[in-house]
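Please read all numbers here as calculations on a predicted model, not as lab measurements. The figures that follow rest on heavy atoms only: side chains count, while hydrogens, waters and symmetry mates do not.
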Amino acid sequence: MSMTPGRRLLLALYSALLWLLLPVTLYHLVWRGLRQRDYLLRWSERYAQVEVLPELPPGAIWVHAVSVGEVNAAIPLVNALRERHPERPLLITTITPTGSARVRALWGESVHHVYLPYDLHGMVRRFLERVRPALAVVIETELWPNLFVACARAGVPVVIANARLSERSLRGYRWMGPLIRLALSGVRLVAAQSEADAARFRVLAGDAVRIEVSGNLKFDQPLPQASREEALAWRQADGRRPTWVAASTHADEEEAVLQAQLRLRASHPQALLLWAPRHPERFEAVAARVREAGLALCRRSVERSPDQACAVFLIDSLGELPGFLAAGDVAFVGGSLIPVGGHNLLEPAALGVPVLSGPHTFHFVEIAALLDHAGALETVTDAASLAAAVARLWGHPDQARARGRAGRQRIDRERGALARTLDLIDAVLAPGA
């Protein structure tokens, strides 16, 4: 890539700022570690100390997925890359401990795994010299100037796969326009989820990078048959109580979810809530709030399944949410009653479960519109409307089944992103590409 004096100066200023902020990374790790102990571990990987980085033979494929959501989105792609290129070592990097735990739960020791180091020139240079990838695949949206420039200098093509960019993120990136264009100039290909995502990347990148629309890999997610069968088995055993799921909720939504369950228990005394907070550090706080509200609590980590007395079943485990989504009559997806931007609406819809969401879905605008148009999604705004929507679907099971079926059928029609993405990646991997 061409590095003009202006570009060198821009990168130097960015790196100088990161060096000044380096003590903040220590504070951040300690602060997060007080809530989630795993943030206090494996700092040597984050600072790219050579002895903890895997030394891979040339030709490895490197996939970066920042956290749990991105790791889950990458599942079909990682599995397909392992099948297509069994001779190539596979490295997966994450940033969060929950993402790391998900990688290990899915692939164990069959893949190499470390945290991605901070975006400082010396750290990313040591990282690339050690792992020597033939290709870097970044899932969704992670734009790191030093890393991408270092990849270009080392001859490592970068593909941003399943790329998405919301209007809000675009506004945030545009004020750093020259720096972001410099980062994207080190990218070989952006495989965007939708035409709208591609258009927003073109605003950022101009002509600096090739942009194609490949579709959303989440449409090609395999359904977790084992956990689904387990959840359905205990659902049958408990006499099919009216059950709903609250998935990926955040702290500021917890009171609304709790109040909705209290309302539902008043009209449906056997109502069961399957509750999966977004972040593990919220498990204890949610459990305490449930008990304070006087609701009988069971936990996945303790009782394994809810008994007849249980009013709230806390899913305090990782990677099991899809199976429990399949066991619900209706699912509410969090991060949407507050301006977080929403979370994965596709999982419950793909399982044939009618979906509820708050109004804040700006990270999933196209998916929300698609499911809404299919009649599979309903928007709620607070505890009262959430409880009313759940109760209405319980009272009209035929309508609930029709909405679930409509969502599943719409998703089935959207599959194919995996094949398109693999073809694009293989073209980049091809000799001389």
Glu51 atom CD, neighbour heavy-atom count above 12 within 6.0 Å: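 Yes, CD of Glu51 has more than 12 neighbouring heavy atoms, counting only those of other groups under 6.0 Å.
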
Atom CZ of Arg104 with >12 non-hydrogen neighbours under 6.0 angstrom: yes

Any side-chain heavy atom of [X] within less than 4.5 Å of one from [Y]?
{"X": "Leu26", "Y": "Trp43", "answer": "yes"}
{"X": "Ser214", "Y": "Leu424", "answer": "yes"}
{"X": "Gln261", "Y": "Val312", "answer": "yes"}
{"X": "Val159", "Y": "Val187", "answer": "no"}
{"X": "Val333", "Y": "Pro348", "answer": "yes"}
{"X": "His112", "Y": "Ile92", "answer": "no"}

Could you tell me whether [X] and [Y] have a side-chain N and a carboxylate O separated by less than 4.0 Å?
{"X": "Glu87", "Y": "Arg82", "result": "no"}
{"X": "Glu281", "Y": "Arg32", "result": "yes"}
{"X": "Glu378", "Y": "Arg392", "result": "yes"}

Near-ring test His343/His363, centroid separation under 6.0 angstrom: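 Ring centroids of His363 and His343 are no less than 6.0 Å from each other.
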
Ring center gap for Tyr118 and Trp19 short of 6.0 angstrom: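 No; Trp19 has its ring centre 6.0 Å or more from that of Tyr118.
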
Separation between OG1 of Thr249 and CG of Leu337, rounded to the nearest 0.5 Å: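 Nearest 0.5 Å value for the OG1-CG distance: 9.5 Å.
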
Pair Val50-Phe127, side chain to side chain contact (heavy atoms under 4.5 Å, CB included): steps then yes or no: CA-CA 7 Å; Val50 172; Phe127 173 80; over 6 Å; no

Check against side chain to side chain contact (heavy atoms under 4.5 Å, CB included), Lys218 and Gln193: CA-CA 10 Å; Lys218 290 180 179 177; Gln193 292 184 14; 5.8 Å; no

Aromatic Phe364 / basic Arg164 pairing, under 6.0 angstrom, 45° off normal: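 Yes, cation above the ring, under 6.0 Å and within 45°.
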
Trp244 and Leu264: CA distance, side-chain angles, deciding distance, side chain to side chain contact (heavy atoms under 4.5 Å, CB included) verdict: CA-CA 10 Å; Trp244 67 293; Leu264 288 166; 3.5 Å; yes

Result of checking Arg289, Arg35, Arg299 against Glu284 for salt bridge (charged side-chain N to carboxylate O under 4.0 Å, His left out):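 So, applying the salt bridge (charged side-chain N to carboxylate O under 4.0 Å, His left out) to Glu284 and each of Arg289, Arg35, Arg299, only Arg299 qualifies.
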
